[in-house]
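For reference, the structure is listed below as structure tokens.
The model shown is predicted, which means the values in this text are computed figures rather than measured ones.
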Amino acid sequence: MKRDAVNDSSPGPREVLQQMVREQYTTTTQGTSLERPENQYVYKIGIYGWRKRCLYLFVLLLLIILVVNFALTIWILKVMWFSPTGMGHLRVTKDGLRLEGESEFLFPLYAKEIHSRLDSSLLLQSTQNVTVNARNSEGEVTGRLKVGPKMVEVHSQQFQINSKDGRPLFTVDEKEVVVGTDKLRVTGPEGALFEHSVETPLVRADPFQDLRLESPTRSLSMDAPRGVHIKANSGKIEALSQMDIKLHSSDGMLVLDAATVCLPKLVQGTRGHSGSSQRLYEICVCPDGKLYLSVAGVGSTCQENSSVCQKST
């Protein structure tokens, strides 16, 4: 009976299971070691080895580039004189842009209006030429002003210079040139050269200077619907020609109004029948229009058969 009692006191299945679980999850204390299974796998998380070194090197390179860019930005801001109101000599105002001092443009400049300060002039300077173009809505050049080292050229349908009050002073187009001033003065020593006709109400020289109308190789003609008036207040009037000088009046007569009319180089004719003690002459006209002098008498001393007229024929 006792042996059976001892066998009945052995642990049951439930107690055996609790003991196995307790042994498995028993924590280790200091000085003790916990044996782990030999076939357990270990996974490492992160970047190690040469990849880690390359990452650090790349981060360092980005940091260097950032510092260099920041230094260059500060240097550019300092060199270009950036400020809240503009850049360098360039100022931004409510009326537009304002440049102070000398400025250089490497490419074309497009602006609606360019003017200088009130106390200074506007200077446009170039080593080659200065060209100002005006374009229409389609982009075609309608007017051009070109200032070169040897010539100033204007390409336009009409060129006009106005006075301060807006009155046209000088106008040029394809048909005519108009001078709107009260006086056109030519100061050159050789005067003015006109290849074609000139229409003007008055031609006058400067005071104490001679007025010369000259045609070196061709004829000189002066026409006026109501007459040509030649006047010299002091001095004399000379008309010189290699060929003939013609004074023609289509409707009227030719009047020489003077105290003395002198023709020193006229050929003198023969004395008339009636003698005279005074040195008076009359002008005779041959049938061909040639003039000659004849000593005046009581009557006319002109003879159609005079030797002068016969020589001329």
Side-chain angles (χ1 to χ4, degrees), residues 54-181 183-190 192-195:
C54 291
L55 179 61
Y56 288 162
L57 181 62
F58 182 71
V59 173
L60 180 61
L61 180 62
L62 289 180
L63 183 61
I64 294 174
I65 293 175
L66 179 62
V67 173
V68 172
N69 287 339
F70 183 75
L72 289 177
T73 303
I74 298 299
W75 180 74
I76 292 174
L77 293 176
K78 184 178 180 180
V79 171
M80 300 301 294
W81 298 351
F82 278 99
S83 64
T85 59
M87 178 183 67
H89 296 295
L90 181 64
R91 296 289 184 267
V92 180
T93 62
K94 61 180 180 179
D95 298 329
L97 299 178
R98 179 177 178 179
L99 286 174
E100 298 179 355
E102 297 182 0
S103 301
E104 181 178 357
F105 298 93
L106 302 180
F107 297 97
L109 175 63
Y110 300 91
K112 182 179 180 181
E113 181 181 356
I114 301 176
H115 61 87
S116 63
R117 297 185 304 179
L118 298 178
D119 56 347
S120 63
S121 59
L122 178 62
L123 175 62
L124 300 178
Q125 185 176 358
S126 174
T127 57
Q128 298 296 328
N129 58 67
V130 178
T131 304
V132 180
N133 293 333
R135 302 178 182 270
N136 55 13
S137 58
E138 298 178 356
E140 300 177 354
V141 178
T142 58
R144 175 179 298 171
L145 174 61
K146 182 178 180 181
V147 181
K150 296 182 179 180
M151 183 182 298
V152 178
E153 299 180 5
V154 178
H155 299 269
S156 179
Q157 297 181 355
Q158 183 178 1
F159 176 74
Q160 183 171 339
I161 299 176
N162 296 331
S163 62
K164 187 176 181 180
D165 55 356
R167 185 168 59 93
L169 300 178
F170 184 77
T171 305
V172 180
D173 56 16
E174 296 180 356
K175 296 182 179 180
E176 61 182 1
V177 177
V178 179
V179 179
T181 57
K183 180 187 298 184
L184 175 61
R185 184 175 181 181
V186 180
T187 59
E190 298 297 332
L193 176 63
F194 301 96
E195 296 182 357

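Judged by distance alone, with hydrogens and angles left aside, the side-chain atoms of Ser156 form no donor-acceptor pair with the main-chain N or O of Gly143 at under 3.5 Å.
For the side-chain contact (heavy atoms from CB on, under 4.5 Å) test, no residue two or more places apart in sequence or in another chain qualifies with Glu174. Scored by the side-chain contact (heavy atoms from CB on, under 4.5 Å) test, Glu138 finds Asn136, Glu140 as partners (sequence neighbours excluded). The side-chain contact (heavy atoms from CB on, under 4.5 Å) search around Gln160 returns Gln158, Asn162, Pro168, Thr171, not counting sequence neighbours. Under the salt bridge (charged side-chain N to carboxylate O under 4.0 Å, His left out) criterion, Arg91 pairs with no residue at all, not counting sequence neighbours. With sequence neighbours excluded, the residues forming a side-chain contact (heavy atoms from CB on, under 4.5 Å) with Glu176 are Asp173, Val178, listed by chain and number.
Counting only heavy atoms from C-beta outward, the side chains of Leu145 and Thr131 never approach each other to under 4.5 Å.
Met151 CE to Asn129 CG: the interatomic distance, rounded to the nearest 0.5 Å, is 12.5 Å. To the nearest 0.5 Å, atom CZ of residue Arg144 and atom CG of residue Asn133 are 5.0 Å apart. One distance of note links CG of Leu61 with SG of Cys54; it measures 12.0 Å at 0.5 Å rounding.
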Subject >> Intermediate values then yes/no, side-chain contact (heavy atoms from CB on, under 4.5 Å), Leu122 and His115 >> reply: CA-CA 7 Å; Leu122 178 62; His115 61 87; 5.9 Å; no
**OP:** Take Leu169 and Val179 through the side-chain contact (heavy atoms from CB on, under 4.5 Å) test and state the conclusion after the steps.
**Re:** CA-CA 6 Å; Leu169 300 178; Val179 179; over 6 Å; no
Validation: residues 63-80 side-chain donor-acceptor distances under 3.5 Å, sequence neighbours left out:
from: Asn69; atom 1: ND2; to: Ile65; atom 2: O; distance (Å): 3.4
from: Thr73; atom 1: OG1; to: Asn69; atom 2: O; distance (Å): 2.8

